[in-house]
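What follows is a single structure, written as structure tokens, with notes after it.
Every value quoted in this text rests on a predicted model; they were computed, and no experiment measured them. Letters A, B, ... are given to chains in the order of the sequence lines, protein chains preceding strands, and every chain is numbered from 1.
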2 protein chains.
Amino acid sequence: MEDRIDRIKKQLHTAGYKLTPQREATVRVLLEHEEDHLSAEDVYLLVKEKSPEIGLATVYRTLELLTELKIVDKINFGDGVSRYDLRKEGAAHFHHHLVCIECGSVAEIQEDLLEEVEEIVERDWKFKIKDHRLTFHGICYRCQQKHAEEQNQKE
Amino acid sequence: MEDRIDRIKKQLHTAGYKLTPQREATVRVLLEHEEDHLSAEDVYLLVKEKSPEIGLATVYRTLELLTELKIVDKINFGDGVSRYDLRKEGAAHFHHHLVCIECGSVAEIQEDLLEEVEEIVERDWKFKIKDHRLTFHGICYRCQQKHAEEQNQKE
DNA sequence: TTATTATATAATAATCATTTTCGTTCTTTT
DNA sequence: AAAAGAACGAAAATGATTATTATATAATAA
């Protein structure tokens with residue numbers, strides 16, 4: 001945890017920014033919720049628990065800064081709010097998501113899986129790929145199970 | 001064009017809705033701009049040219065309805081506005097996009113390209129895929145050429 | 001150490017896309 | 001024709017995000 005923050009501190013310094021207490025508090029919240037997909041408001045409320053004097057605008061500014069530096073990724077699942085994900089260290093590319101259209105759960109896929117597809121796109125469309133966003137919409141395992149149970153009860 | 005509208009009319013009827021003049025005008029605009037990625041505001045302004053009495057809320061309502069019926073797809077490129085794409089007839093899946101991070105142009109890829117990836121995801125994550133969103137961020141051919149020219153001039 | 005400058009902040013107001021409300025109109029049903 | 005329902009336009013409301021402004025903090029120069 002601490003060493004992770006140290007490295008982020010260095011990244012900020014390299015880019016000419018400082019790790020202020022507010023920024024550190026924000027990063028800590030993101031680290032403690034790596035599995036979740038927090039909105040700016042979510043982050044704000046969580047940071048506020050530890051540092052009540054922080055302002056919402058500061059959280060927005062910090063998240064924007066971290067996004068610029070590619071420390072976090074900004075995602076949009078179409079529900080009207082942007083969500084922020086800490087990028088896995090060493091990850092060159094953005095990870096993928098599985099969004100369940102029934103329960104709304106969001107799972108992550110760290111594997112790349114797109115190497116071949118990207119080769120084809122770069123070749124056939126002469127497009128130099130820098131990053132990607134891939135989200136699958138469907139039904140998660142848990143919800144599939146629920147359906148199976150319901151079927152069994154009917155029979 | 002007309003037969004396309006007829007089929008959309010049928011789709012609406014099947015779902016218990018009517019193709020009102022406002023809805024038809026909106027669909028026509030979408031048909032006439034299939035290549036573009038119009039925002040609700042864009043659609044509104046274009047519909048207004050032909051049907052000046054239409055209201056913005058109606059356009060929003062219509063686009064939402066068409067999205068529900070999977071006649072159009074709602075996309076979000078992260079610029080703060082939702083964009084609406086008429087879904088290609090017979091297309092089971094949402095098409096992909098190439099967004100140029102320099103000039104902002106958006107190209108479409110109709111090919112699926114994800115069959116294999118989806119097989120892997122369904123098998124390994126036990127996730128039943130219903131649809132997908134894939135966007136590549138990078139540099140389009142035109143912008144790459146510009147860079148090459150600049151390089152040549154320096155030499 | 002003090003003065004100067006730049007940077008970051010909190011609080012608030014402003015903005016912009018989208019949604020809701022509400023009174024009206026147009027259809028369909030009775 | 002009356003009643004009920006769907007769809008509409010205009011305007012108000014909402015909610016996420018951004019800009020403003022005055023204040024504080026840190027970095028640097030004197």
Under 4.0 Å protein heavy-atom contact, by nucleotide of nucleotides 15-25 of chain C - B base, S sugar-phosphate only:
--SBBBB----
Quick one: does B:N76's side chain have a donor or acceptor within less than 3.5 Å of a partner on B:G78's backbone?
yes
Grab the [atom1]-[atom2] distance between [X] and [N] for me, whole Å please.
| X | N | atom1 | atom2 | result |
| --- | --- | --- | --- | --- |
| A:D42 | D:dG15 | CG | P | 15 Å |
| A:L45 | D:dG15 | CG | P | 14 Å |
| B:Y44 | D:dA11 | OH | P | 10 Å |
| A:L65 | D:dT18 | CG | P | 13 Å |
| B:L19 | C:dC26 | CG | C1' | 15 Å |
| A:H13 | C:dA8 | NE2 | P | 10 Å |
| B:R23 | C:dC26 | CZ | C1' | 13 Å |
| A:E68 | D:dT18 | CD | P | 11 Å |

Any side-chain heavy atom of [X] within less than 4.5 Å of one from [Y]?
| X | Y | result |
| --- | --- | --- |
| B:H147 | A:K128 | no |
| B:D42 | B:H33 | no |
| B:I75 | B:T135 | no |

So A:H97 and A:H37, would you call those rings parallel, tilted or perpendicular, with 30° and 60° as cut-offs?
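Perpendicular, since the angle between the ring planes exceeds 60°.
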At less than 4.0 Å, is any side-chain N or O atom of A:Q22 found next to OP1 or OP2 of C:dA10? Yes or no.
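Yes, within the criterion.
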Please determine if a side-chain N or O atom of A:T58 lies less than 4.0 Å away from the OP1 or OP2 oxygen of C:dA10.
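For C:dA10, OP1/OP2 do have a side-chain N/O of A:T58 under 4.0 Å.
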Is A:E24 salt-bridged to A:K18, going by a charged N under 4.0 Å from an acidic O?
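Result for this pair is no, no salt bridge flagged.
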So, A:R7 and A:E89, do they make that salt bridge, N to O below 4.0 Å?
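A salt bridge links A:R7 with A:E89.
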Side chain of B:I54 only, heavy atoms from C-beta on: which candidate in D:dG9, C:dT9, D:dC8 is closest?
D:dG9
From D:dG9, C:dA8, D:dA7, pick the nucleotide closest to the side chain of B:T20?
D:dA7
Return whichever of B:Y17 or B:P52 has its heavy-atom-nearest nucleotide of DNA chain D closer to the 5' end.
B:Y17
Applying the Watson-Crick and G-U wobble criteria at under 3.5 Å, what pairs with D:dG9? Answer none if nothing qualifies.
C:dC22
